[in-house]
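These notes concern the structure reproduced below.
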Amino acid sequence: MPVITLPDGATRDYAAPVAGTRLTADIGKRLAKDALAIKVDGVLRDLSYEIGGDAAIEVVTRGHPEALALLRHDAAHVLAEAVQELYPETQVTFGPATEDGFYYDFARAKPFTPEDLAAIEARMHEIVVRDEPLVREIWPRGKAIAHFASIGETYKAEHIESLPEDAEISIYRQGGWLDLCLGPHLPSTGRLGHAFKLLRISGAYWRGDAGNRQLQRVYGTAWETREQLEAYLTQLEEAAKRDHRRLGRELQLFHQQEEAVGSTFWHPRGWQLWRSIEDYLRRKLKDGGYLEVKSPQLYDRLLWEASGHWEKFREQMFIAESEQRMLAVKPMNCPGHVLMFRQGIKSYRDLPLRFAEFGSCHRNEPSGALHGLMRVRAFTQDDGHIFCRPDQVVSETETFCALLLEIYRAFGFEEVRVKFSDRPERRAGSDETWDRAEAALMEATEAAGLEFASNPGEGAFYGPKLEFVLKDAIGRDWQCGTFQVDFVMPERLGAVYTGEDGGKHRPVMLHRAILGSFERFIAILIENFAGRFPLWLAPRQVTVATVTDAADGYAEEAVKALQAAGLRAEADLRNEKINAKIRDLSLAKVPAIAVVGRKEADNRSVALRRLGGKTQEVLALEAAVAKLAEEARPPA
RNA sequence: GCCGGGAUAGCUCAGUCGGUAGAGCAACCGAUUUGUAAUCGGUAGGUCGUCGGUUCGAGUCCGACCCCCGGCACCA
């Protein structure tokens, strides 16, 4: 006798097991029509699921937190049905919902074309109109394997074979089509609606393994309503407008070209931005007790063999040769810093010794991985290595985390997540060493009071690490900072200090970076601010624009006064109307425009207009200079 | 590295059936002296990614390669 409890506490008694469809129909016509699935005691089920005993029920409709994932998963199935109707020779494999849509991986000899995509999408809409019912069936394992094998669906058959022996094999019929799937699903394809769109085609490896055959992946997005779909597509366009590659060109920050693939040409304005960041960081590091150093670019292969890099990263290192010695351009700064540490005798009194370096590194990244400034072959890390005693790890971790959060805040990033990554499969150092390193980092993390998510198996080959992920203005996550506890490298490269007891001891090495790489961090800043940098970072801070050439002399004077106050100021004396100048400077995202005409020249004032603002503020020149100079001061 | 797509003036893009390259903006020159998001007129600008092939003739068709873009894989 099931007693059904609804979310509002109301109950309904049934004399016999009741299906979700019946239940929703009993509650109301409207609900019956809108229902997508039900949650029975917290477990998501098909609407057709028979509730056999007392249960707490939630009906999932559009607007429910889990509705989107259901819709997207169904969209993937509708996609698969459409593809197999149009291209029967195609095999289906997997098709999950993703964070903002869905995809389905297909196996076929001929790749899809963009025209295919349009045809598939049209067919998907037809399948929705057909309103095919989705029916769940449980099949014996053997029957399922035989069925899929017999219709040539070898990937599905292989997948079932890989499932545990006792796994329930559920099959969903969708009209005349069927697919192996865990479910749950909507009651019929009509409930999906039409708020979906196919977006792109790409290759993807079977089971995510590059050693396997490559499949054809079709990506799409699906939403509860057409308005949401439109909003999402608009948001994609907006994100594209922030693309750092585009803004980098438009704002004349940098460029990249074939002759130096994976490297960056920093133009004057981009380099100005870089230096503003570097100057700020340098000050914070100095205050934090770091000693800035500069280590070599090229090292003998013997060093990389000793550090373990040669074994693990040889393929990604740039190699050079000289007089029968094999050299490699450094992909990291840490071995160099250990060599510096080893110079002279170190006492426990010298620790912690904090080296910082804006270290330029090269890694031969796979060509397909390169992406603007986000993934390059030549980059500069805000690197640092802290050599300390084991008993100093906790306090160093706390201090570092505080510094990192402060610096992120200075750049406008308030929200930061932390991931704890432990030992990877391929690693250096004994299990005992890893036990110690992980325990030490865990203790330090807890002491620092950080909330963290665990990220198993993702540590560096020489030690566990914390990864710091910040959220940008449009909600995207970027992993930037890192903090790694390393007991391995000091041992491999022979770093020691003399302890209080007069004996030799191994220092612990803490690898740390806050921005990660300048290149990537600048890309993130560009996209975060959409090119509208805060005054202290903006390469062009203020432009004095003349209304008439009668004000040219005064404009030059105003520029000099601004520059004398440390501002990056220039004059726009072009023979253009003020409207054109305002427009050009606005498009160039110059934060402040000081307009000067006859009036201003006569009474030594400026009409200050802010980027994006509609109004202006007339100030005495001295007042404007003081105001802007104050605003342009970097964070403390 | 793998799959797919792309590359034409500084930028954004057009270029039909293979017939010898075009627009807007930017640049430059001139006129205009302008009051808060595009003043008007003129001039110049191209080895159509590179190399090779087919053809009387290639931006266009074919092949190889380079680079870029979207994913996948990778990411110390």
Side-chain angles (χ1 to χ4, degrees), chain A residues 103 105 110-114 116-117 199-219 240 243 245-246 249-250 252 255-262 304 307-309 311-313 315-317 330-335 361 363-372 374-377 381 424 426-428 458-463 465 479 482 484 486 489 511 513 516-517 520 545-552 574-588 593-600 607-616 618:
Chain A
Y103 66 79
D105 286 346
K110 253 177 51 186
F112 292 116
T113 66
D116 294 339
L117 215 57
L199 295 175
R200 55 183 151 266
I201 316 157
S202 87
Y205 298 102
W206 168 239
R207 293 189 187 279
D209 183 340
N212 288 339
R213 190 181 152 192
Q214 199 157 31
L215 308 170
Q216 299 295 317
R217 176 170 297 180
V218 177
Y219 279 96
D243 191 306
R245 293 164 298 186
R246 171 180 171 155
R249 185 182 58 240
E250 289 174 358
Q252 298 170 33
H255 91 272
Q256 297 174 316
Q257 70 181 65
E258 281 190 52
E259 284 77 359
V261 174
W304 301 115
S307 70
H309 289 88
E311 192 192 341
K312 191 156 191 290
F313 294 110
E315 292 305 309
Q316 284 86 256
M317 286 162 74
K330 66 175 171 186
M332 315 179 69
N333 306 297
C334 37
C361 298
R363 296 178 185 174
N364 198 357
E365 301 284 357
S367 56
L370 300 177
H371 178 89
M374 294 287 188
R375 192 86 178 266
V376 285
R377 288 184 176 150
Q381 289 178 313
R426 283 184 68 193
R427 59 182 181 263
E458 295 295 321
F461 76 90
Y462 45 72
K465 63 182 178 185
Q479 185 175 313
T482 180
Q484 309 166 359
D486 180 4
M489 206 63 73
H511 306 240
S517 97
R520 185 159 169 279
T546 49
V547 177
T548 154
D549 59 12
D552 283 4
R574 289 176 305 156
N575 181 6
E576 287 289 353
K577 289 192 167 183
I578 191 64
N579 284 304
K581 295 186 185 184
I582 299 282
R583 176 180 153 84
D584 291 346
L585 293 168
S586 299
L587 290 173
I593 305 173
V595 175
V596 297
R598 278 210 170 79
K599 266 189 298 187
E600 288 77 9
L608 207 55
R609 179 193 168 109
R610 302 310 179 115
L611 176 57
K614 291 271 179 267
T615 57
Q616 52 262 260
V618 179

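Computed from a predicted model, the values in this text were never measured in an experiment. Each chain gets a letter, A, B and so on, in the order the sequences are listed, and its residues count up from 1.
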With sugar-phosphate meaning primed atoms plus P, OP1 and OP2, does [X] contact a base, only sugar-phosphate, or nothing at under 4.0 Å between heavy atoms?
X: A:R217; result: sugar-phosphate
X: A:R245; result: sugar-phosphate
X: A:H511; result: nothing
X: A:E576; result: base
X: A:A607; result: base
X: A:E600; result: base
X: A:Y462; result: sugar-phosphate
X: A:G308; result: nothing
X: A:P366; result: base
X: A:Q316; result: base
X: A:I201; result: base
X: A:A580; result: sugar-phosphate
X: A:K312; result: nothing
X: A:R249; result: sugar-phosphate

- Nearest-nucleotide wise, let me know which of A:G368 and A:G613 is further upstream toward the 5' end of RNA chain B.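 Closest to the 5' end, via its nearest nucleotide, is A:G368.
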
- Between the side chains of A:Y205 and A:R207, does any donor sit under 3.5 Å from an acceptor? no

- Message: Checking A:D105 against A:Q216: is there a side-chain donor and acceptor pair closer than 3.5 Å?
- Response: no

When the distance from [atom1] of [X] to [atom2] of [N] is rounded to whole Å, what number comes out?
X: A:K577; N: B:U39; atom1: NZ; atom2: P; value: 6 Å
X: A:L585; N: B:A26; atom1: CG; atom2: P; value: 14 Å
X: A:R574; N: B:C29; atom1: CZ; atom2: P; value: 14 Å
X: A:H309; N: B:C75; atom1: NE2; atom2: C1'; value: 13 Å
X: A:E365; N: B:C68; atom1: CD; atom2: P; value: 13 Å
X: A:D105; N: B:A73; atom1: CG; atom2: P; value: 10 Å
X: A:R583; N: B:A37; atom1: CZ; atom2: P; value: 11 Å
X: A:E258; N: B:G6; atom1: CD; atom2: C1'; value: 14 Å

- Should the ring pair A:Y462 and A:H309 be called parallel, tilted or perpendicular, given that the plane angle runs from 0 to 90° and is split at 30 and 60? tilted

Options [options], nucleotide nearest the side-chain atoms of [X]:
X: A:R375; options: B:C74, B:C3, B:G35; result: B:C74
X: A:S367; options: B:C3, B:G35, B:G1; result: B:G1
X: A:Q484; options: B:A76, B:G35, B:G71; result: B:A76
X: A:V547; options: B:G35, B:A37, B:U33; result: B:G35

- Query: Does A:H371 have a side-chain nitrogen or oxygen under 4.0 Å from the phosphate oxygens OP1 or OP2 of B:G70?
  - Reply: yes

- Item | Heavy-atom neighbours of A:E311 CD exceed 12 at 6.0 Å |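 No.
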
- Message: Any non-hydrogen side-chain atom of A:I593 less than 4.5 Å from a side-chain atom of A:L608?
- Response: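 No - every pair of side-chain heavy atoms lies 4.5 Å or more apart.
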
- Query: So, the side chain of A:K581 versus the backbone of A:R574: is there a donor-acceptor pair under 3.5 Å, distance only?
  - Reply: yes

- Polar side-chain atom of A:R427 near backbone of A:P424 as donor-acceptor pair, under 3.5 Å: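 Checking the backbone N and O of A:P424 against the side chain of A:R427, a donor-acceptor pair under 3.5 Å is found.
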
- Query: Is there aromatic stacking of A:F313 against B:A76, centre distance under 5.5 Å, plane angle under 30°?
  - Reply: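 Stacked: ring centres under 5.5 Å, planes under 30°.
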
Between the base of [N] and the side chain of [X], is there any donor-acceptor pair under 3.5 Å?
X: A:N579; N: B:U36; result: no
X: A:Q214; N: B:C2; result: yes
X: A:Y205; N: B:G71; result: no

Find the partner of [N]: check Watson-Crick (N1-N3 plus N6-O4 or O6-N4) and G-U wobble (N1-O2, O6-N3) distances, both under 3.5 Å, and reply none if neither fits.
N: B:A38; value: none
N: B:G70; value: B:C3
N: B:A44; value: none

- Task: Run the salt-bridge test on A:R245 and A:D243 with the 4.0 Å N-O cut-off and return the result as yes or no.
- Result: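 Between A:D243 and A:R245 there is a salt bridge, with a charged N closer than 4.0 Å to a carboxylate O.
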
